[in-house]
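Each chain gets a letter, A, B and so on, in the order its sequence line appears, and its residues count up from 1.
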Amino acid sequence: MSASAGLPTPTTGSEPDASLVARVGTVPDKVSLDGLETRWDSAWTESGTYTFDRSASRADVYSIDTPPPTVSGSLHVGHVFSYTHTDVVARFQRMRGKSVFYPMGWDDNGLPTERRVQNYYGVRCDPSLPYVEGYEPPLQGAEGKSVKAADQQPIGRKNFVELCERLTAEDEKEFESLWRYLGLSVDWQHHYQTIGRTAQATAQTAFLRNLARGEAYQAEAPGLWDVTFQTAVAQAELEARDYPGHFHTIAFHAPDGTDVVIETTRPELLPACVALIAHPDDERYQHLFGTTVTSPLFGVEVPVLAHTMAEPDKGAGIAMCCTFGDLTDVQWWRELQLPTRSILVRDGRITRETPDWITSEQGVALFGEMLGKTTFSARTAVVDALRESGDLHGEPVATQRKANFFEKGDKPLEIVTSRQWYIRNGGRDADLNAALLARGDELTFHPEFMAVRYSNWVGGLNGDWLVSRQRFFGVPIPVWFPVDAHGEPQWDAPIIPDEASLPIDPSSDTPAGYTADQRGQAGGFIGDPDIMDTWATSSLTPQIAGGWLTDPDLFARVFPMDLRPQGQDIIRTWLFSTVVRAHLEHGSLPWANAAISGWILDPDRKKMSKSKGNVVTPMGLLEEHGSDAVRYWAASARLGTDAAFEVGQMKIGRRLAIKVLNASKFALSFAGDDDLSLDPSLVTEPIDRAMLAGLADVVDKATAALESYDHTRALEVSETFFWTFCDDYLELVKDRAYGAGDASVSAATLSARTGLAIALDTLLRLFAPVLPFATEEVWSWWRQGSVHHAAWPVSDGLRTAAGDADVTVLTAAGHALASLRKIKSGAKVSMRTPIVLVDLAVPDAYLPAIESARVDILGAGRVTGPLTLTVASPDQGDPSVQGGIVVVRSELGEAEPKPARNA
RNA sequence: GGGCCUGUAGCUCAGCUGGUUAGAGCGCCACGUUUACACCGUGGAUGUCGGGGGUUCGAGUCCCUCCGGGCCCACCA
């Protein structure tokens, strides 16, 4: 790292220190923010400003596990917002001398990409079709036109995956250019795709290791199933939504002829009923426990059982347990060892064969009408029959119920029995659960309260992590199964590939010891048809980005990582699953810190999202306001707090960036043709030293804030100081800094010029993480190298230069100047108007301070006559203004005629 | 039903472990082109700190309670 270390300490010897002198190069006559983004992005790329120094040891590295954005649409302001937060951290750490490992990934895995490809190219995947060489899809960019499924051209899996890769590559190019324009200090040599070969190999290797250690397993079990996508769905992907339904009151029949009445919203599941269940303490049903009743219409005999999960005040207090209507049914079925009578199949329709437990003539006839029907039509059939038989009591009553949905689906989930793969995540194992909760405690969340979202989720898990999905585009489960002599797959004896052969696709690759023509044959093999959950890959981003498999040397330098930035909504998914994988594979946390950004809300306080159509495109914003301005807006919002989308805040950021350019140009203009000194020993005037003392405080506060991931506070203290610096200090020292106008430079002039140079040098470093473009631009006018590799400022040197000065001199002089301005403002005259006489009553403590800056105050206030200072008494005037300085008497002179301006 | 966050000027938000008259910026009003800046500068007005109780010499800050926003989990009979 090349930087001069913060502010150099004063030299004591006679050797001039080269680092204390800066030669001012060309400062533009007219400064502008326009074009800085493109210009500096090129310059940074060319000089490798953000290249990770892989010779650095782990202790000198700061590594970031960046969220790979989903490449299935476009980035929105929410992305710009949260990625800026991360970039501020990256830039701060880089300036502190860390080698920053800041890779970028693209999440092009999974359903969103799959669906987008279907729409964009008008195709659909049919894994049974062969690969077609040189295939071209029927459409290009048909997005939004929504091609009906029936009109989509069916293509084989390999062709489909190729299209996925083609489309995501285009998107990724666009995303990268946006990130570059925004000024993310990413090392673009380190980027990855979650569908890339490395990611696939990593996901498959990690899975096989989980399998070898017994952490991954298969089970044939009832589980939540999306009938649209026809895939199993994991707990983390659930979303409870309101769903309209009807309560139906239905009579079962006891042997003695009495009715046992239940209520249900799903009468179509009547043929799947396996028991009636009431609470063991429920007085009303005591006499029925242990007996059987007969279902209406279908005449199936079912037991009446007791279970504590039954709630007496829900419905009739006695429930119909079906295989399977909901997760409670599954629990009853399991715990009471009930038979399985499934009637729903994977497409969400009623089975196409009448099941053997339905034997009555009436039952068989009715079920015959239901065969292959949707649940909706089947319900109508059952309800009509019930009404006719008199077993429907009253009419159905409309109700609003909650149903589980796949977060990307729009039909309620059904429960279907299937063979699936799971990874243990503490959902069924108390020890592992406790260990993962402990990992949560070990992880530092910013803000802290986000930790409870983790522990709530982990504590509330009710099953292991379902990782298999019945989809096409994704990382295949890397196993095959032998097929026995009868043609039956041996699910219990998976054929495991060698790690060195990964990644593999078992649907096209052949396992060792077999030939391709044995696929699907008796005595041969079949591939596992499923792919892994997208989180099964995403949970390995630290390993993928860090080179776990491909570059162990790199991995040792970056893992466990320092920071995981992400949104609060995916703590339960991405964050948790990543913790699970690292815990199982490495016995550690994947990172030390998690920084959680809030949401961007539109002016109606609604979360911005594509589905609501209230998204603002980021590139337009960046071009209109400038990247520094948009970054300023983002950096003004604290972690974990939702922020309003506010153009006003961007305008303030733009104003700040422009002010940085202008104030810098001004400060540098005093150098003339001379070199500008940064030697603190030349700062001799009390007010100059006071300014440096104030700056030292700012440096300490900003540093402490950034160390605790509070970028907002760091920006705020720097910004507040900077505006006072411009409005008061610059005005006060202007005249002195210009000097006498001849070649001689007095000590007082040198003090002002050096103070300005030191302050500018420090302020540019303080602002660099938030305003990388404006600060780099100014830096290039007079310093060597990049400000983004300059050392983060430290207060020591500033304090040495300030000596025993304290900030009071500057604040008091500022207040005095304000009181002089108020005289003119009150008289509605130009600030150029001279004051020929003024008496100020000032607080006790300010008297010496103001006295020591008298000459500067007279100059800045254009006081041409006597300035008299007295100590203010408590009853004098309004002490709340101008720091308690009261104008006792004043007299204004004639304004000078306008000076001719040089164009 | 359980949990977390949040309610301060018209708007967006600061107010750290309780301490003098509650802050900033935007917006608003008035004035001003000053050898950096009109993408500017100077000055000004603006609040029963969601309501009500309590602890305290002292509460925007701590406790209780109610009301309003947002989010997560549970709730499918």
Suppose you measure atom [atom1] in [N] against the same atom in [M]; what distance do you get, rounded to whole Å?
N     : M     : atom1 : value
B:G23 : B:G69 : P     : 31 Å
B:U42 : B:U61 : C1'   : 35 Å
B:G60 : B:U8  : P     : 15 Å
B:C11 : B:C16 : P     : 22 Å
B:G10 : B:C4  : C1'   : 30 Å
B:G52 : B:C26 : P     : 33 Å
B:A14 : B:U6  : C1'   : 15 Å
B:C39 : B:C72 : C1'   : 43 Å

Shortest non-hydrogen contact from A:Val863 to A:Leu820?
-> CG2-CD1, 3.8 Å

I need the [atom1]-[atom2] distance between [X] and [N], as an integer number of Å.
X        : N     : atom1 : atom2 : answer
A:Arg832 : B:U33 : CZ    : P     : 7 Å
A:Leu33  : B:C37 : CG    : C1'   : 12 Å
A:Glu646 : B:G10 : CD    : C1'   : 13 Å
A:Ile571 : B:G3  : CD1   : P     : 18 Å
A:Asn662 : B:A36 : CG    : C1'   : 5 Å
A:Met831 : B:G32 : CE    : P     : 10 Å
A:Lys665 : B:C39 : NZ    : P     : 14 Å
A:Ile658 : B:A38 : CD1   : P     : 10 Å

Residues two or more places apart in sequence or in another chain: which of them pass salt bridge (Lys or Arg N to Asp or Glu O under 4.0 Å) with A:Arg341?
->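 Checked A:Arg341 against salt bridge (Lys or Arg N to Asp or Glu O under 4.0 Å); zero matches.
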
Among all residues two or more places apart in sequence or in another chain, which pass the salt bridge (Lys or Arg N to Asp or Glu O under 4.0 Å) test with A:Asp700?
-> A:Arg799

Pairs touching residues 303-314 of chain A that satisfy salt bridge (Lys or Arg N to Asp or Glu O under 4.0 Å), sequence neighbours left out = A:Glu311-A:Lys314

Would you list the pairs meeting salt bridge (Lys or Arg N to Asp or Glu O under 4.0 Å) in which at least one residue belongs to residues 237-250 of chain A, sequence neighbours left out?
-> A:Glu237-A:Arg469, A:Glu239-A:Arg241, A:Asp242-A:Lys402

All pairs passing side-chain hydrogen bond (donor to acceptor under 3.5 Å, both in side chains) where residues 265-277 of chain A contributes a residue, at least two apart = A:Arg266-A:Glu268, A:Arg266-A:Glu414, A:Glu268-A:Arg379

Just jot down the side-chain hydrogen bond (donor to acceptor under 3.5 Å, both in side chains) partners of A:Asp710, sequence neighbours excluded, or say none.
->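 For A:Asp710, no residue satisfies side-chain hydrogen bond (donor to acceptor under 3.5 Å, both in side chains) once neighbours in sequence are set aside.
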
Taken in chain and number order and not counting sequence neighbours, the residues that satisfy side-chain hydrogen bond (donor to acceptor under 3.5 Å, both in side chains) with A:Lys734 are A:Glu731

Identify whether any heavy atom of [X] sits under 4.0 Å from a base atom; if not, whether one sits that close to sugar-phosphate; answer base, sugar-phosphate or nothing.
X        : answer
A:Arg821 : sugar-phosphate
A:Lys828 : sugar-phosphate
A:Lys30  : sugar-phosphate

For [N], give its Watson-Crick or G-U wobble partner with both distances under 3.5 Å, or none.
N     : answer
B:A36 : none
B:G41 : B:C31
B:C4  : B:G70

Would you please confirm or rule out a distance under 4.0 Å between OP1 or OP2 of B:C31 and any side-chain N or O of A:Lys822?
-> no

Do A:Phe767 and A:Phe722 touch side chain to side chain, with heavy atoms closer than 4.5 Å?
-> yes

Is it true that the side chains of A:His248 and A:Thr264 contain a donor and an acceptor less than 3.5 Å apart?
->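 No donor-acceptor contact under 3.5 Å links the two side chains.
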
Please tabulate, for side-chain N and O atoms in residues 650-662 of chain A, each donor-acceptor pair with protein atoms closer than 3.5 Å (sequence neighbours left out).
unit_1, atom_1, unit_2, atom_2, d
A:Arg654, NH1, A:His625, O, 2.7
A:Asn662, ND2, A:Ile658, O, 3.4

Any N/O pairs under 3.5 Å between the protein and nucleotides 26-29 of chain B? List them or say none.
unit_1, atom_1, unit_2, atom_2, d
B:C26, OP1, A:Arg655, NH2, 3.3

Listed by chain and number, what are the side chain to side chain contact (heavy atoms under 4.5 Å, CB included) partners of A:Val416, not counting sequence neighbours?
-> A:Trp225, A:Arg346

Measure all distances between protein nitrogen or oxygen atoms and nitrogen or oxygen atoms of nucleotides 72-77 of chain B, and list the pairs falling under 3.5 Å.
unit_1, atom_1, unit_2, atom_2, d
B:C73, OP1, A:Arg572, NH1, 2.0
B:C75, O3', A:Lys314, NZ, 2.6
B:C76, OP1, A:Lys314, NZ, 2.9
B:C76, O5', A:Lys314, NZ, 3.1
B:C76, O2', A:Arg401, NH1, 2.6
B:C76, O2, A:Arg401, NH1, 3.0
B:C76, N4, A:Asn404, ND2, 2.7
B:A77, OP1, A:Thr265, OG1, 2.4
B:A77, O2', A:Glu263, O, 2.7
B:A77, N6, A:Met309, O, 3.3
B:A77, N1, A:Glu311, N, 3.0

Proximal nucleotide (of B:A14, B:G43, B:C31) relative to the A:Arg638 side chain =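 Side chain of A:Arg638 sits closest to B:A14.
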
Parallel, tilted or perpendicular: which describes the rings of A:Trp332 and A:His307, with under 30° parallel and over 60° perpendicular?
->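 Geometry flag for A:His307 against A:Trp332: perpendicular rings.
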
Residues within residues 713-734 of chain A bordering RNA chain B, heavy-atom distance below 4.0 Å =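 By residue number: A:Glu716, A:Trp723, A:Cys726, A:Asp727, A:Leu730, A:Glu731, A:Lys734.
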
